[in-house]
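Okay, structure first, notes after.
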Amino acid sequence: RINVLVYVDDLLIFGNDSASLKTFKGYLISCFHIKDLGILKYFLGDEEESKELGIWANKNGYEVYELLNKDIPELYSAGPGEFISLINNAALVCSDSFHCIVFSIIFSRPFLVYERQGSENYMTSRLDTLLKKFGFEDRWKHAVNVDDYLKCDYSEVPERLKKEQLQFMNYLSGFLK
């Protein structure tokens, strides 16, 4: 299934079938001058207002798409496949969600991590651990300079991921003996 959301002169294309998405986008590219230009915002807590992000997006020609915006039902009701597709095709991901940041790392997408707002409990320990494991401690929104929003160095991720996979396989092998 492919979803196409049209807003003035922008298209937001997402779905749960990556092969169909790739084919459809290839067709559009052959007919028109298009590029991926969306900033995905996904906040589980109260959204942190970021005028700086909006100004930066506007200045650099990016649309900002809020996944949990009830006024855009196609985004608000996105299922798991669409959720992953939106992250994979975003120019920048802004979130307080552990899973959203995990998928940003898997797909090597630039991201900004926000502290979860509206919760009395500290909700970021998993994010702290994730960012540390993959060398992204500097991707907290408050630590990233506006000029570096899209600069996310993934050069060390494959080696760190191999190390984590090996540790897990060793643990699993020992557990199953």
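Throughout, residue positions are numbered sequentially from 1 according to the sequence presented. Values in this document were obtained by computation on a predicted structure and should not be read as measured data.
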Exercise. Could you check Asn145 against Asp148 for side-chain contact (heavy atoms from CB on, under 4.5 Å), going step by step and ending with a plain yes or no?
Key: CA-CA 5 Å; Asn145 182 296; Asp148 296 330; 3.7 Å; yes
Point to revise | Min side-chain heavy-atom separation Leu127-Glu115 under 4.5 Å | key: no
- Item | Ring-face cation contact, Phe98 with Arg126, 6.0 Å cut, 45° max | yes
Original post:
For the side chain of Asn89 and the backbone of Ser85, is there at least one donor-acceptor N/O pair under 3.5 Å apart?
Top reply: yes
_Run the ring pair (Phe, Tyr, Trp, His ring centres under 6.0 Å) test on Tyr154 and Phe134 for me, step by step, so that the C-alpha distance in whole Å, both residues' side-chain angles and the decisive distance to 0.1 Å come before the verdict._
CA-CA 9 Å; Tyr154 282 92; Phe134 291 99; 9.4 Å; no
**Prompt:** For Cys94 and Ile39, what are the C-alpha separation, side-chain angles and deciding distance, and is it a side-chain contact (heavy atoms from CB on, under 4.5 Å)?
**Reply:** CA-CA 7 Å; Cys94 301; Ile39 296 174; 4.0 Å; yes
Looking only at heavy atoms, the pair that brings Cys100 and Tyr42 closest together is CB-CD2, 3.9 Å
Quick one: does Leu53's side chain get under 4.5 Å of Tyr149's, heavy atoms only? yes
Could you please spell out the steps behind the side-chain contact (heavy atoms from CB on, under 4.5 Å) verdict for Val113 and Leu131? CA-CA 9 Å; Val113 181; Leu131 297 175; 4.1 Å; yes
Donor-acceptor contact present, side-chain Arg109 to main-chain Ala90, <3.5 Å = yes
Worksheet entry | Within-4.5 Å side-chain heavy-atom neighbours: Lys133 and Glu164 | yes
Is there a path of hydrophobic side-chain contacts, each under 4.5 Å between heavy atoms, that joins Phe175 and Phe168?
yes
Ile105 side chain near Leu130 side chain, heavy-atom distance below 4.5 Å = yes
Is Arg139 close enough and on-axis enough to Phe111, meaning under 6.0 Å and within 45°, for cation-pi? yes
So do the side chains of Lys163 and Glu159 get within less than 4.5 Å of each other, counting heavy atoms only? no
Exercise. Would you mind reporting whether Leu112 and Trp140 have side-chain heavy atoms less than 4.5 Å apart?
Key: no
dist Leu92:CG -> Asn60:CG (nearest 0.5 Å) comes out at 10.5 Å
### Query
Is there a donor-acceptor pair closer than 3.5 Å between any side-chain N or O of Tyr65 and the backbone N or O of Leu86?
no
| query | Is a donor on one side and an acceptor on the other found under 3.5 Å between the side chain of Asn88 and the backbone of Phe107? | reply | no
Answer whether the closest heavy-atom distance between the side chains of Pro110 and Val93 falls below 4.5 Å. no
So Leu44 and Arg116, do their side chains get closer than 4.5 Å, heavy atoms only?
yes
Under the side chain to side chain donor-acceptor pair (under 3.5 Å) criterion, do Tyr114 and Lys41 qualify, and how do the steps go? CA-CA 10 Å; Tyr114 289 73; Lys41 288 173 61 177; over 6 Å; no
Taking every heavy atom of Ala91 against every heavy atom of Leu150, the minimum-distance pair comes out as O-CD2, 3.3 Å
In this structure, CG of Leu67 is separated from CD1 of Ile87 (nearest 0.5 Å) by 8.0 Å
**Report entry** Pair Trp56 + Tyr62: ring centers closer than 6.0 Å
**Finding:** yes
Residues Ser155 and Pro158: closest non-hydrogen pair is O-CD, 3.8 Å
ask   = Are any side-chain N or O atoms of Ser108 and backbone N or O atoms of Ser104, one a donor and one an acceptor, separated by less than 3.5 Å?
value = no
